[in-house]
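Residue numbers start from 1 in every chain, and the chains themselves are labelled A, B, ... in the order their sequence lines are given, proteins ahead of strands. No hydrogens, no waters, no symmetry mates; every other heavy atom, side chains included, goes into these values.
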Amino acid sequence: MPELPEVETVRTGLSQLLLGKLIAKEEHDWPKGFPNTDFDVQSFMIGVEILGIRRRAKVLIIDLSSAYSLVVHLKMTGQLVFVGRDYRFGAGHPNDSLVGSLPDKSTRVTLTFDDGSRLFFNDQRKFGWMRLLPTAEVPNIDFFKRVGPEPLADDFTATAFRERLKVRQNSMIKAVLLDQSVIAGVGNIYADESLWAAKIHPAERVKNIGDRKMNTLFNELRAILKLSIDKGGSSDKNYVNAEGKRGSYLSFANVFRREGKPCFRHPDTLIEKSRVAGRGTHTCPKCQKLKAA
DNA sequence: CACTTGACCTGTCCGC
DNA sequence: TGCGGACAGGTCAAGT
C-alpha cells in the first residue's frame with residue numbers, strides 16, 4: 001500500500017486534524033499487535049496531548065505529550081481515518097471513499113479524543129503495526145537504524161543517489177529501488193513509474209546504467225513522488241487519507257495498472273506486466289529495453 | 001553476497 | 001453458485 005506519497009498525505013491530514021487534541025479513550029482488538037508493551041499503556045496515552053505527526057520512510061510517528069510516541073507502519077492495507085464528533089456510529093462514511101461504516105471488521109485500534117472526535121487504525125491484512133515507544137527511542141528501532149535517506153530531502157543530490165545505488169552493482173535496479181536501506185519510501189508503484197519515465201528496464205543491472213541515466217532516474221523519481229503527494233497519493237484498493245478520501249495519482253500513472261493499454265510514448269505498443277524482484281512489474285517493451293547480457 | 005521463496009493475513013477476482 | 005488458485009501497495013527471515 002502506502003508508499004512515501006500516501007504516508008506523507010496521511011501525515012499532512014493528521015497534522016491538520018489532531019494537533020492539540022487530548023486522548024480520552026483507547027480501545028484495541030488486536031491480541032498479537034497492539035499494545036506492544038507490558039506496562040500500563042493507558043497511563044502514557046490517556047489525557048495526553050497530540051504534539052505533532054512526523055514521517056520517516058513509510059512510517060508515521062505521532063508524538064504525545066507523555067514523551068511517548070505512537071509509531072505506525074501501514075504496510076499493504078493500513079488506514080488511519082479520522083472522524084469528527086458528529087460522526088454517527090454505523091452511519092457510513094460521508095466521503096466518496098473506500099471506507100464504509102466505522103469502526104468496521106478491520107479496525108484494530110480506536111482513539112477517542114476529548115472533543116468526541118475519533119481516529120481509527122484499520123488494517124485488513126494485519127501486516128501493519130502500531131507501537132507505543134518513548135519518543136527518544138523511536139530512532140533506535142531496527143527499521144530506522146537501517147533505513148536509507150529520504151529521496152525528497154533538500155540535501156539529497158543526484159550524486160548521493162548514484163553513490164548509494166552503486167553499492168549494489170550486480171543487482172536489478174528495481175530491487176535496489178525497493179530496498180528501504182538504500183532509499184527510503186519507494187514501493188512498487190513509484191519504482192515502476194520512475195523506471196518508465198527514465199526509460200530503464202526494471203531488471204537492468206545497476207552496473208549497466210550510466211551516470212546520465214541514473215541522474216534522469218533521480219530527477220524523475222523525485223518529480224513523480226512530488227506529483228503524487230500533490231494528487232493525494234495512489235488509491236488502488238485500500239488506501240485512503242486521514243479523512244477517508246482516495247488519492248488520484250493513478251489517473252496520472254504511465255504504467256502502473258496499465259497493462260494491455262497503449263504506452264503514452266508509443267501508442268502502438270501495449271504496456272506489459274511481468275514479475276521482477278518478486279513483484280508485479282509494468283513496462284513498455286519498446287522504451288524499456290534490457291541491455292544484452 | 002545476491003537473489004528467491006515463504007511467511008505474515010484477508011479479500012477479491014478469475015477460470016473451471 | 002461454489003471452489004481452488006493467483007494475486008494485492010511491504011517487510012523480514014530463511015534457504016539456495
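Atom NZ of A:Lys207 and atom C1' of B:dC3 are 14 Å apart (whole Å). The separation between A:Trp30 atom CH2 and B:dT10 atom P is 12 Å, rounded to whole Å. Atom NZ in A:Lys145 sits about 12 Å away from atom P in C:dC12, given to the nearest Å. Per the geometry, CG belonging to A:Asn188 stands 11 Å off P belonging to C:dT11, to the nearest Å. Rounded to whole angstrom, the span from the CG atom of A:Leu250 across to the P atom of C:dA8 amounts to 14 Å. Following rounding to the nearest Å, A:Arg131 (CZ) and C:dT11 (C1') show an atom-to-atom distance of 12 Å. When the P atom of C:dG9 is taken as reference, atom NZ of A:Lys231 falls 23 Å away, rounded to whole Å. In this entry the distance linking OH of A:Tyr239 with C1' of B:dG11 reads 21 Å, nearest Å.
A salt bridge links A:Asp211 with A:Lys166: the closest approach of a Lys/Arg side-chain nitrogen to an acidic carboxylate oxygen falls below 4.0 angstrom. Between A:Lys58 and A:Glu6 there is no salt bridge, since no side-chain N of the basic residue sits under 4.0 Å from a carboxylate O of the acidic one. Between A:Asp63 and A:Arg54 there is a salt bridge, since at least one side-chain N of the basic residue sits less than 4.0 Å from a carboxylate O of the acidic one.
Checking the phosphate oxygens (OP1, OP2) of C:dG9, no side-chain nitrogen or oxygen of A:Thr77 falls inside 4.0 Å. Contact annotation: A:Lys75 side-chain N/O to C:dT11 OP1/OP2 distance is not under 4.0 Å. A:Lys105 has a side-chain polar atom (N or O) that falls below the 4.0 Å cut-off from OP1 or OP2 of B:dG11. Between A:Lys273 and the phosphate of C:dA6, there is no side-chain N or O to OP1/OP2 separation shorter than 4.0 Å. One finds a side-chain N or O of A:Arg275 lying less than 4.0 angstrom from the OP1 or OP2 phosphate oxygen of C:dA8. An OP1 or OP2 oxygen of C:dC7 is reached within less than 4.0 angstrom by no side-chain nitrogen or oxygen of A:Arg279. A close approach under 4.0 Å does not occur between any side-chain nitrogen or oxygen of A:Lys237 and OP1 or OP2 of C:dA8.
Look at B:dC14: its Watson-Crick or wobble partner, with both distances under 3.5 angstrom, is C:dG4. Nucleotide B:dT5 is matched to C:dA13 when pairs are restricted to Watson-Crick or G-U wobble geometry with both distances under 3.5 angstrom.
With centres under 5.5 Å and a plane angle under 30°, the ring of A:Phe127 is stacked against the base of B:dC8.
Nucleotides C:dT11 and B:dC1 place their P atoms 22 Å apart, quoted to the nearest Å. Comparing the same atom, P, in B:dG6 and in C:dG5 gives a spacing of 14 Å after rounding to whole Å. Separating the P atom of B:dT5 from that of C:dA6 is a span of 13 Å, rounded to the nearest Å.
Take the nearest nucleotide of DNA chain C for A:Phe143 and for A:Gln124: the residue whose nucleotide is more 5' is A:Gln124. Ranked by how close their nearest DNA chain C nucleotide is to the 5' end, A:His73 and A:Gly280 are led by A:Gly280.
Checked by distance alone, A:Arg168 brings no side-chain donor or acceptor within 3.5 Å of a matching partner on the base of B:dA2.
Across all strands shown, A:Arg108 has no heavy atoms under 4.0 Å from either base or sugar-phosphate atoms. As judged by a 4.0 angstrom heavy-atom cut-off over every strand, A:Ser234 is placed among the base-contacting residues. At a threshold of 4.0 angstrom between heavy atoms, the contacts of A:Gly278 with the nucleic acid are absent.
Under the 4.5 Å side-chain criterion, counting only non-hydrogen atoms from C-beta, A:Leu177 is not in contact with A:Tyr190. Residues A:Phe144 and A:Ile61 are in side-chain contact: their nearest non-hydrogen atoms beyond the backbone lie under 4.5 Å apart. The shortest side-chain heavy-atom distance between A:Leu4 and A:Pro151 falls under the 4.5 Å cut-off.
With 3.5 Å as the limit, one finds a donor-acceptor pair spanning the side chains of A:Asn188 and A:Lys174.
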